[in-house]
Amino acid sequence: MDLEYGPAYRAYRETVREFLKGWPLEGAESALSQIEQESLFRRRGIEAGFVYRNMPREYGGAGQEPDALKDQIVLEEFHRANAPGDLRSQGAGLLAPTLLEFGTEAQKQRFIPAALSGEEAWCQGYSEPGSGSDLASLKCQGRAEGDSFVLTGQKIWTSNANAADWMFGLFRTEPEKPKHAGISYLLVDMRSEGIDVRPLKTLTGGIEFNEVFFDEVRVPMENLVGARGQGWGVSRATLIHERNLIGSSSMLRDMFSDLVELAQRTRRGECPAIEDAGVRRKLAEIEGYVCTQEASNMMQFTAELKGDVSRTMRPMMMNKLYSTDTTQRIMECAYDLLGGEGLLGPTEADIRDWMRNTTSTGWVEAYLFSLGPAIAGGASNIQLNIIGERGYGLPRDLRLPAG
Amino acid sequence: MDFGLSDEQEMLQETVKGFLDQEFSPARSRELFNSASSHDGALWNGLCEMGVAGLVIPEAFGGGGLSALELSLVSEVLGAAAAPVPFVEHSLAARALARAGSADQQARWLPALAEGTALGTVAFGEEGGAWGPRSWSVRVEDQRIWGEVLYVSCAEVADLMVVGVEGGGLVAVERESPGLKIQGLEGLDRTRSLSRVEFEGVPCAVLSTTPQLAEETLAVGHVALAADGFGAATRLLDATVEYAKTREQFGQSIAQFQAVKHQIARLGLEIEPTRALWWHAAYAVDHLPDHAERLPALAKSHVGDRASALARMAVELHGGLGFTWECDVQIWLKRILFDRGYLGSPESLREDCARLGGW
Ligand SMILES: Cc1cc2nc3c(=O)[nH]c(=O)nc-3n(C[C@H](O)[C@H](O)[C@H](O)COP(=O)(O)OP(=O)(O)OC[C@H]3O[C@@H](n4cnc5c(N)ncnc54)[C@H](O)[C@@H]3O)c2cc1C
């Protein structure tokens, strides 16, 4: 075991740091809008070989040799500089790697670059009113007709559908086949005729997800990813990327630092709350979870480097639940620290800029919002089933067909 | 030995519940949750006609002359319905006045408070989550007060406000007094409004100068809020049980998954027995002087935490639906969070429990 990166990687880190001196932008460039500044800097990051490192050049990536340690260094340094690196959107984070694995050459060229730049926004159309945990029971129909699929039915809880240009989704194209074998993975232009998007308000008061209705919506066959009836397998790949996004430990570390900062500025009678013995112990207990997840990520990452994941299979299955549980612990502790301020509701600004929790009402918003990720991308019970069944080889529930 | 309710007490709950079932539909509750106002005047008037406003006011002034237990029993029913009425706040103000007001003040205010033609509230919260008499900072001088109080419920419609002041005393302030400034706050629970109130030399009537009355008043509030949170939590549990029985995934109701069944059973385990805890605490307020302050603090902190954990799990068991604004789960979740934080967070009340326990 050696946590030093060695001279070659130290030098690499220096080049990343050197590059990051260009952020924030200065001079005339600093007058551009926030979004323009970010995309300009991201383009520079791609050219310099730091952003989308592993995505081939022809699809808008940096086309570097895969090197997980370099990935890690870039992640750390960009994070430290608070600089715009890889987008963690549905398009860049979920669709692009899925297409890279399963897409046709034409699909890769058409869709990956715009997803990476953020030029085209994506949403994920899986869940339906009757099919959430039991996703494979989905009913939204994709009838083959000439050179198109014709979609009819409904999706629900579709995050970002109101702002998305495209949807990647699952549709039942072979109704005569068994459950999992009748599903195809399609790319749907959200501006197609027959699509109706209705935003749903969440319990925080914000708009996070939507209902999407399809009435005879035509999708060209060339927008099929993988083979007909093979969509379930393709979607499993996307899901792994989604769980990794939700399960990332750098987000936990940020939230935890914000929590400590909250404890420092909150007063308990005459003293800052951080001086209270109960608060100190609680914080250290939570940090136990945060550090575990960080170290576990390092361990998983080394195992992948060495190509031997036998010891890390289970921790990998646990990432999502571990991280949403830890997030909830952080939020519950924060809510306790807020005291009376927890009676206040989130403001419009808190709902809009949910990234970092610096105000009290921002913490209230985060406390409420933390309930969402525990449901999205496979609810906690489903994660527990996966850990029990695939992790520990326990039998499935008697009544359930094998999935 | 009889640790149960009398026929009259059962009846009291039945009557209020019957009224709410009739007059306050879930649709009305949703409508209010979406509107700007969090006070339902018509509903409050209806409750006043049943004598709810004067429950703890002595009979001599037209009230019911009842105890903290009856107050809490009504509170439970109101919590279960998430009724947007300032019952607890009003009752605390009335009770303080009935205990310590001058004969004049009592004659002037109590009949109107009992009838419900006047509305009372309390102003006990200060910056940094200080709800206790020991940390109040509003200054009193020559029958006037200066300072700022936070999280006052229904301040904009209250005719009489009982304010906690430096040294732990209580004073009464009338509506539209000179120097009184009320600024609305955006509360999380839309069934109770919140304001920040500033006092710039506002004329007041002194009710007490030592913390005893304030502590007693807060203790009553603590039990009543424990009961309100309990009511909301049991209603939410019922709703979750119903949902689990009807929601199907994998070709069966989710309630058939033992994991879900056990989760629900555990929620029941955590909340159901606490009914006895707040009953006991309410009884202690009027009958067990040694426990009159401590048991209510224990009940409120305990029920507050159990109920909010229940509410979070109820959201999860409702899946994506539970995370929406349209789903009523959020109404109770927020009601429960209000009950948990208002008049003292679990953490600070536990500190009080330790102190009062002589630890
Ligand atoms: C914030 C948020 C964002 C989302 N974004 C998207 C999106 O962009 N695209 C998309 O397609 N979907 C999205 N979803 C939907 C999400 O994937 C589903 O909500 C989730 O899969 C659960 O499905 P459901 O809501 O139908 O709940 P249900 O499946 O009905 O589950 C209800 C409860 O039953 C439990 N349960 C179900 N089956 C079992 C079992 N076998 N054993 C034990 N317990 C069980 C669950 O754990 C849950 O507590 C989002 C959801 C949320 C909350």
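Below, chain A is the first sequence line, B the second, and so on; all start at residue 1.
Interface check for chain A: of the options Gln263(B), His318(B), Glu351(B), Arg134(B), the most heavy-atom pairs under 4.5 Å are formed by Gln263(B). When the candidates Ser345(B), Ala259(B), Gly319(B) are compared by the number of heavy-atom contacts under 4.5 Å with chain A, Gly319(B) comes out ahead. By number of non-hydrogen pairs under 4.5 angstrom with chain B, the leading residue of Gly278(A), Ser133(A), Gly342(A) is Ser133(A). The most heavy-atom pairs under 4.5 Å with chain B, out of Leu343(A), Leu200(A), Ile375(A), come from Leu343(A). Your options are Ala379(A), Gly206(A), Ser127(A), Ser380(A), and the one with the most heavy-atom pairs under 4.5 Å with chain B is Ser380(A).
For chain B, no part of Leu338(A) is nearby; none of its heavy atoms comes within less than 4.5 Å. Contact of Glu332(A) with chain B is made through the side chain alone, with heavy-atom distances under 4.5 Å. For Ser137(A), no part sits under 4.5 Å from any heavy atom of chain B, backbone or side chain. Both the backbone and the side chain of Leu203(A) come within contact range of chain B, each with at least one heavy atom under 4.5 Å from a heavy atom of that chain. For a residue to count as touching a neighbouring chain, one of its non-hydrogen atoms must lie under 4.5 Å from one of that chain's; by this rule Glu316(B) touches chain A with backbone and side chain alike. Heavy atoms closer than 4.5 Å to chain B are found nowhere in Thr361(A), neither backbone nor side chain. Looking at Arg340(B), the atoms closer than 4.5 Å to chain A (heavy atoms on both sides) all sit in the side chain, from C-beta outward. Using a 4.5 Å cut-off between heavy atoms, Leu333(B) contacts chain A through its side chain alone, with no backbone atom that close. Neither the backbone nor the side chain of Arg192(B) comes within contact range of chain A; no heavy atom of the residue lies under 4.5 Å from a heavy atom of that chain.
Under a 3.5 Å cut-off, the side chain of Asp276(A) and the backbone N or O of Pro272(A) do not form any donor-acceptor pair. The main-chain N or O of Ser301(B) is found under 3.5 Å from a side-chain atom of Arg350(B) such that the two form a donor-acceptor pair. Between the side chain of Ser75(B) and the backbone N or O of Ala224(B), at least one donor-acceptor pair lies under 3.5 Å.
Using a cut-off of 4.0 Å between Lys/Arg side-chain N and Asp/Glu carboxylate O, Asp134(A) and Lys179(A) are scored as salt-bridged. Salt bridge annotation for Arg265(A)-Glu261(A): present, with a cationic side-chain nitrogen under 4.0 angstrom from a carboxylate oxygen.
Counting only heavy atoms from C-beta outward, the side chains of Trp325(B) and Phe33(B) approach each other to under 4.5 Å. Contact annotation: the side chain of Glu127(B) approaches that of Leu150(B) to within less than 4.5 Å [non-hydrogen atoms, C-beta and beyond].
Taking the six-membered ring wherever Trp is involved, the centroid distance between the rings of Trp157(A) and Phe323(B) does not fall below 6.0 Å. For an aromatic pair to be called close, the ring centres must be under 6.0 Å apart, and Trp131(B) with Tyr342(B) satisfies this.
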